[in-house]
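Single-structure report; data block below.
FYI, side chains are in, hydrogens and waters are out, and symmetry mates aren't considered; it's all heavy atoms of this structure. Residue numbers begin at 1 in each chain, while the letters A, B, ... track the order of the sequences.
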2 protein chains.
Amino acid sequence: MAKTTTPQKAAAVRQRGVTMSDVAQHAGVSRTAVSFVLNNRENASISEETRIRINDAVQALGYRPNAGARALASQRSDWYGLVTEIVTAPFAVDIIKGAQDQAWLDHRFLLIAPSDQADAVGPNQGLEDAATEKLLEQRVEGLLYAATYHRGVHVPESAHEVPTVLINCFDADGKLPSIVPDERGGGRVAVDRLLRAGHSRIGVINLDPHIPAAVGRLEGAREALAGAGLELDPELVVSGHATADGGYEAACQILDRYPQQDRPTALFCLNDRMAMGAYDAIKERGLTIPGDIAVIGFDNQELIAAYLRPKLTTVALPFEKMGALGVQTLAALTAGQPITADQQLVDCPLLERSSV
Amino acid sequence: MAKTTTPQKAAAVRQRGVTMSDVAQHAGVSRTAVSFVLNNRENASISEETRIRINDAVQALGYRPNAGARALASQRSDWYGLVTEIVTAPFAVDIIKGAQDQAWLDHRFLLIAPSDQADAVGPNQGLEDAATEKLLEQRVEGLLYAATYHRGVHVPESAHEVPTVLINCFDADGKLPSIVPDERGGGRVAVDRLLRAGHSRIGVINLDPHIPAAVGRLEGAREALAGAGLELDPELVVSGHATADGGYEAACQILDRYPQQDRPTALFCLNDRMAMGAYDAIKERGLTIPGDIAVIGFDNQELIAAYLRPKLTTVALPFEKMGALGVQTLAALTAGQPITADQQLVDCPLLERSSV
DNA sequence: GTTGGCAAGTAACGCGAGTTACCTTCAGCG
DNA sequence: CGCTGAAGGTAACTCGCGTTACTTGCCAAC
């Protein structure tokens, strides 16, 4: 009877895939032995000979472990969930890249779930909650939330059921660990660079002054100037819409406001898109970059910065590193290790190109 | 005995999460009944009253199904795997977005695995094979392969074990269904637009002439010209490096080659980056866009096209739609439906902005 | 009053693994 | 000869859930 079922089983196997039992049978051992070998358990006593027989059987049958079954039995999934609006607004894709690569290195799987672009005030909790819920159904061991731009967010209630780390955003109320760019350091680095190039009269094209990026970068600029014994002239700070057009207009204002000798010799644009507009304003006036006006940007949007003529010197947002660090932090959390700081700042490095 | 284990179980439950058995117990029914209700099986006879009791218990306990266990028992995972180098080189992120959104709509989960940027000849099979293997271990029901740019690829052997669809690339040897942009149609649309604007002498800034994108777009341009009784002047086609610099140089060549009256009045740039360089070449010569020279691009790289001044009219690569269509095709395949065509072409729509 | 049938539900098995407790054998030693 | 202990395994339970087959009670029909 048992014999007659074997061929049936073999047929079924072809459909269902090879299981550990098949391997065991092929190797002439018990399924337990196979399990021991595959997970190479230290204190299990398996002779070298049978270990080889089992490994051969694995090869021969093309056995492929069933991750789901393994997760079920072992009560650990090796999955992290990443909820992000980046899928929707791919400004900061590199966060995903960094997280994905790091997860891959750690032999973990990243389940990515989309979230709506959430506004700072009342996030569209619908999709976000659903995404979180779905991820928890997959029994992820931890959650990551990533935002396209640095800001405060509200995470769904259920996120608190597992270790959670925020990337490029921070928890408005609670106490979740977060990874954010060191905007202030970036601002400092940018203005320092201009100072080093001999500029002392520096115009700033600002973002919406209320967002964390603007606050931090401007503060950094102030610090750098202070380090050189200078102050930030409020008249030289113009806020604009965070687009090329906004940058164009702001640059026009700054450039046209003064007679030539009082005109700033450098512009610190708080993002690259605005720098792109500033380029046009400068060129229109017959001025050269960086000869007459040096320009430094922020964000390092490759497609802009690397292709503008001259190429734009800018400060990079460390998306990839933040993604990786997020996964590392989560790994530490799920392993029960204590996290050093609630908020980790990641350096924004200067990228030298040709506009300063 | 059974009673005394209950509190232990309850304690364990707190750690492990609520299971269907807990729900059943809370509702005073069998686990089977709960299963029937949750999957609302048609032909199962459950009274309205107990159905409500069970749903209440689900709410009360905050029960959350275990996707892995469900997959194990039902032998279907509702998971698709997406192997892509886009994670590595995020040029075509919108493919992921389109696929992700569509999968979400279909109540399926997309597992995204990274692949190295593969060159056309010998793809780095290492990571790709590993990624595929990992996805199969997760028992995905189907696989998607997405490339950053339209080209031929080799998929790992094991991909043939489940339904597989290629997005933005095609199978060099085998016969896998694929979704690719209609490059030819896009070329036609672009040149048609220029013809409609009254241009008859059109310069073309070409990509590497061997890649599918160049072949198709150029062929489309030829068709459009033929439709107007014109021919493509080979002298007006200049190939350049696919960058802003390459576009700049190619544009210089074309613009400087002829006396003003013979100069082309429009440029068809086969990608937006090259158009960006062409802009500079044109502006440097004191010419205006589109007054003196009209420019049309291809790819619709938002960060470039929407921020150039004037904004660039271009033909969009339908990344998002390709992603969605990929998932739909895969859904049809896994459902056993026959696929209409081996290769599906997706329209490349014209995006009118201000450069024509 | 038997039969039959349907509504309402349950026991029990299987999915593919991890894991614990137990069982042989055989060598070595007193 | 009998005992001990390690090497080399295995049977059986568990994880959370889908699913099939079977039971029970009740009412209508013959």
Side-chain angles (χ1 to χ4, degrees), chain A residues 5 8-9 12-13 15-54 58 61-78 136-139 141, chain B residues 2 5 8-9 12-13 15-54 57-58 61-78 136-139 141:
Chain A
T5 62
Q8 288 177 15
K9 208 169 188 178
V13 157
Q15 272 193 350
R16 292 187 171 293
V18 182
T19 76
M20 267 183 53
S21 301
D22 300 323
V23 174
Q25 194 173 338
H26 188 100
V29 297
S30 74
R31 205 180 51 65
T32 307
V34 177
S35 174
F36 284 171
V37 168
L38 289 184
N39 301 321
N40 47 54
R41 279 174 59 123
E42 300 285 324
N43 49 357
S45 48
I46 302 283
S47 71
E48 194 53 27
E49 185 201 354
T50 62
R51 175 185 307 277
I52 292 177
R53 261 218 325 288
I54 289 175
V58 166
L61 298 182
Y63 169 69
R64 178 180 298 133
N66 181 319
R70 166 177 272 160
L72 182 56
S74 67
Q75 298 287 324
R76 42 188 316 247
S77 62
D78 289 338
L136 289 175
E137 286 185 7
Q138 309 291 336
R139 295 302 187 268
E141 294 181 358
Chain B
T5 61
Q8 288 177 17
K9 209 169 189 176
V13 157
Q15 271 193 351
R16 293 188 169 292
V18 182
T19 76
M20 267 183 52
S21 300
D22 300 323
V23 173
Q25 194 173 336
H26 188 100
V29 296
S30 75
R31 204 179 49 67
T32 310
V34 177
S35 174
F36 284 170
V37 168
L38 289 184
N39 300 321
N40 47 54
R41 278 173 60 121
E42 300 286 323
N43 50 357
S45 49
I46 302 284
S47 72
E48 195 53 29
E49 182 202 356
T50 63
R51 175 184 307 276
I52 292 177
R53 262 220 321 290
I54 289 175
V58 167
L61 298 182
Y63 169 70
R64 177 180 298 133
N66 181 320
R70 165 178 271 159
L72 182 57
S74 66
Q75 296 289 321
R76 40 188 318 247
S77 61
D78 289 338
L136 289 175
E137 285 185 6
Q138 310 291 335
R139 295 302 186 267
E141 294 181 358

Any chance you could lay out the side-chain contact (heavy atoms from CB on, under 4.5 Å) test for L38(B) and Y63(B), step after step, and finish with the verdict? CA-CA 11 Å; L38(B) 289 184; Y63(B) 169 70; 3.4 Å; yes

Name the nucleic acid region contacted by S74(B), choosing base, sugar-phosphate or nothing; use a 4.0 angstrom heavy-atom cut-off, strictly under. sugar-phosphate

d(CD1, I54(B); C1', dT10(C)) in whole Å: 12 Å

Along DNA chain C (nearest heavy atom to each residue), the more 5'-positioned of F36(B) and R31(A): F36(B)

H26(B) NE2 to L61(B) CG distance, which is reported to the nearest 0.5 Å: 5.0 Å

Under 4.0 Å between a side-chain N/O of T50(A) and OP1 or OP2 of dG9(D), yes or no? yes

For dT10(D), does either OP1 or OP2 sit under 4.0 Å from a side-chain N or O belonging to S30(A)? yes

Looking at every strand, decide which applies to S47(B) at a 4.0 Å heavy-atom threshold: base, sugar-phosphate, or nothing. sugar-phosphate

To the nearest 0.5 Å, atom CG of N40(B) lies from atom CZ of R51(B) at 7.0 Å

Within this structure, what is the CE-CZ distance for the pair M20(A) and R31(A), rounded to the nearest 0.5 Å? 4.5 Å

For atom CD1 of I46(A) and atom C1' of dT25(C), their distance in whole Å: 15 Å

Would you mind reading off the distance between N39(A) atom CG and dG9(D) atom P, rounded to a whole angstrom? 17 Å

Which parts of residues 63-71 of chain A get close to DNA chain D, meaning a heavy atom less than 4.0 angstrom away? none

Here the distance between atom P of dA7(C) and atom CD of E48(B), to the nearest Å, is 15 Å

For R41(A) and dG9(D), what is the distance between atoms CZ and P respectively, to the nearest whole Å? 15 Å

Kindly compute the distance separating CG (N66(A)) from OG1 (T19(A)), expressed to the nearest 0.5 Å. 10.0 Å

Can you tell me how far P of dC17(D) sits from CG of D78(B), to the nearest Å? 15 Å

R51(B) CZ to dA8(C) P, straight-line distance once rounded to whole Å: 10 Å

Base, sugar-phosphate, or nothing for L72(A), non-hydrogen atoms under 4.0 angstrom? base

Looking at the side chain of M20(B), which of dG18(D), dC15(C), dA7(D) is the nearest nucleotide? dG18(D)

Quick check: closest heavy atoms across E141(B) and D78(B), and the distance to 0.1 Å? OE2-N, 3.1 Å

To the nearest angstrom, the CD-C1' distance between Q138(B) and dA17(C) comes to 14 Å

Take T32(B) and S45(A), find for each the nucleotide of DNA chain D with the closest heavy atom, and name the residue whose nucleotide sits nearer the 5' end. S45(A)

Can you tell which of dG16(C), dC17(D), dT10(C) lies closest to the side chain of Q75(B)? dG16(C)

Measuring from S30(B):OG to I54(B):CD1, what's the distance to the nearest 0.5 Å? 7.5 Å

